[in-house]
There are 2 protein chains.
Amino acid sequence: MSHTLGARQAQKQKTRQAFLDAALALLEEQSLSSLGLREVTRAVGLAPTAFYRHFRSIPDLGVALVDEALGSLHPMVRETVSTTGDSEERITRAVELIAHYVAAHPSHVRFIARERHGGVQPVREAIGGQLARFAEEVKATLAQDPEAAGWSDDDVLMLARLYVDQMLISASLFLEALEGPAHERDRVARLATRQLRLITIGRDHWLD
Amino acid sequence: MSHTLGARQAQKQKTRQAFLDAALALLEEQSLSSLGLREVTRAVGLAPTAFYRHFRSIPDLGVALVDEALGSLHPMVRETVSTTGDSEERITRAVELIAHYVAAHPSHVRFIARERHGGVQPVREAIGGQLARFAEEVKATLAQDPEAAGWSDDDVLMLARLYVDQMLISASLFLEALEGPAHERDRVARLATRQLRLITIGRDHWLD
DNA sequence: TCATCCAGTTAACAACTGTTCTCTGGAATT
DNA sequence: AATTCCAGAGAACAGTTGTTAACTGGATGA
């Protein structure tokens, strides 16, 4: 049973969310390692010291952003990848999922792409952990496919990582094409589709 | 004919290189967007104002680092990819090239991976430009292969981008495994090899 | 109703930032 | 030998940073 929050707790969560939102907006034009604590509190409209009521440090806030950006994506990915159908259909659905997610949450995607190899260790590790989870989930789905008969566990994971990395690359391309005209986004979608298709063809002939 | 530098110019180039080296070392643990001008000059052992004799700004220095990191790589990549041989041989050579380059220039690789999607626009653009050059070079090589008969130009470029992106991902994995024991690097090498192999199999059956 | 809690405030700290203007001394040019 | 050039130094500028301590006042629970 869910337990109704007091007005106290509710307000605290609102403020915390305001910190996350403000930070994400500021991170459109810089990296986390240059984001200042005062900068964030100023954007929210609070005193600098209020920050410490919600986060221990900026890296700590960064880790929270990672969860916000990727945490809700797991069920979506599982559903998209696991529902049965033609290979080609699944590819189309995957590309559409990416395009839709990027359009709906551009700053989250930018944040993940930027900080995946960024200068803040705990955040890198948090992202790496989430991506490893995605890879495991995709692996589990692939392993259930009839096409996976005869594959070693290691090779299925290899393929899953390939798919996940490819998703991220496509997401980043979609992001770059977001401001531009629609035909640019179509080009990205066609590129992503063909690359996934080529990988899938490679999968079909892996055991030859 | 090459023209011998005066003692004046030679010293200036040495100092400039010292700036680049110091910046690269500092960037092991942070992003370019948080790198301070004074921080760099302090590391070099010069007055803050000396910086302006060599670079207009930190982003400017960043662009110079991109050229240093990727400029010398073009001939190596061309040679590695273009020399004739079995597909499997070429994959092995490519993976070895990456492993060797990461081991020889780890901080350059880290810099490129970190700033490719980093918070400094001119640097992102410089990296993007260099990667596009790599893709074009790989494309030109692939187009000469007998396997490319019947391929559209666009599809060859699609494949070339896939290879280049995969190279970068592998380089980043090699980097993470650099400090660890040798068997970790072997695992990365085996993973990269199999992924390239799968892509190549996909290429062989693309026109089916 | 009264005591407790705690999100947010205020003030102050030493340390740091990028950029300017002016100056110096040795190399380069004439 | 006399002059020009220019890499680097020095000092000062107004702002910025993270973190500390002690506070206020409204919601919470007894």
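Residue numbers begin at 1 in each chain, while the letters A, B, ... track the order of the sequences.
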Using the six-membered ring wherever Trp is involved, compare the ring planes of B:Tyr101 and B:His105 and label them parallel, tilted or perpendicular (cut-offs 30° and 60°).
-> tilted
Within the side chain of A:Arg93, is there an N or O that forms a donor-acceptor pair under 3.5 Å with the backbone of A:Thr83?
-> yes
Would you mind reading off the distance between A:Arg16 atom CZ and C:dG8 atom P, rounded to a whole angstrom?
-> 12 Å
How would nucleotides 24-30 of chain C be written as a contact map, 5' to 3', with B for base contact, S for sugar-phosphate-only contact and - for no contact, using protein heavy atoms under 4.0 Å?
-> --BBS--
N or O in side chain of A:Arg38 less than 4.0 angstrom from C:dT17 OP1/OP2 | no
B:His74 atom NE2: more than 12 heavy-atom contacts under 6.0 Å = yes
Would A:Gln130 and A:Glu125 count as having a side-chain donor-acceptor pair, cut-off 3.5 Å?
-> no
Taking only Watson-Crick and G-U wobble pairs with both distances under 3.5 Å, what dot-bracket line describes DNA chain D, where [ ] shows pairs that cross earlier ones and | shows pairs with another strand?
-> ||.|||||||||.||||.|||||||||.||
Grab the CG-P distance between A:Leu37 and D:dG18 for me, whole Å please.
-> 5 Å
How many Å lie between NZ on A:Lys12 and C1' on D:dT28, as a whole number?
-> 15 Å
Using the side-chain hydrogen bond (donor to acceptor under 3.5 Å, both in side chains) rule, take A:Glu115 and B:His117 through it: C-alpha gap first, then chi angles, then the decisive distance, then the call.
-> CA-CA 8 Å; A:Glu115 301 304 329; B:His117 304 283; over 6 Å; no
Test item: B:Arg185 side-chain N/O and B:Gly180 main-chain N/O as donor-acceptor pair under 3.5 Å | yes
A:Leu35 has an atom CG; how far is it from atom P of D:dT16, in whole Å?
-> 16 Å
Could you state the atom-to-atom distance from CD of A:Gln13 to C1' of D:dA27 in whole Å?
-> 16 Å
Between B:Asp145 and B:Arg203, is there a side-chain N and carboxylate O pair less than 4.0 Å apart?
-> yes
Sugar-phosphate only, base, or nothing, as touched by B:Arg42 at under 4.0 Å among non-hydrogen atoms | sugar-phosphate
Under 3.5 Å donor-acceptor, B:Thr141 side chain and B:Glu137 backbone | yes
d(CZ, A:Phe19; P, C:dA7) in whole Å | 12 Å
For DNA chain D, the residues among residues 48-60 of chain B that have a non-hydrogen atom under 4.0 Å from it | B:Thr49, B:Ala50, B:Arg53, B:His54
Distance-only, no hydrogens or angles: does the B:Asp155 side chain make a donor-acceptor pair with backbone N or O of B:Trp151 under 3.5 Å?
-> no
Can you tell me the distance, in whole Å, between the CG atom of B:Leu26 and the P atom of C:dT17?
-> 11 Å
Is there a donor-acceptor pair under 3.5 Å between the side chain of A:Arg114 and the backbone N or O of A:Glu28?
-> yes
Got a donor-acceptor contact below 3.5 angstrom from the A:Arg124 side chain to the A:Arg116 backbone?
-> no
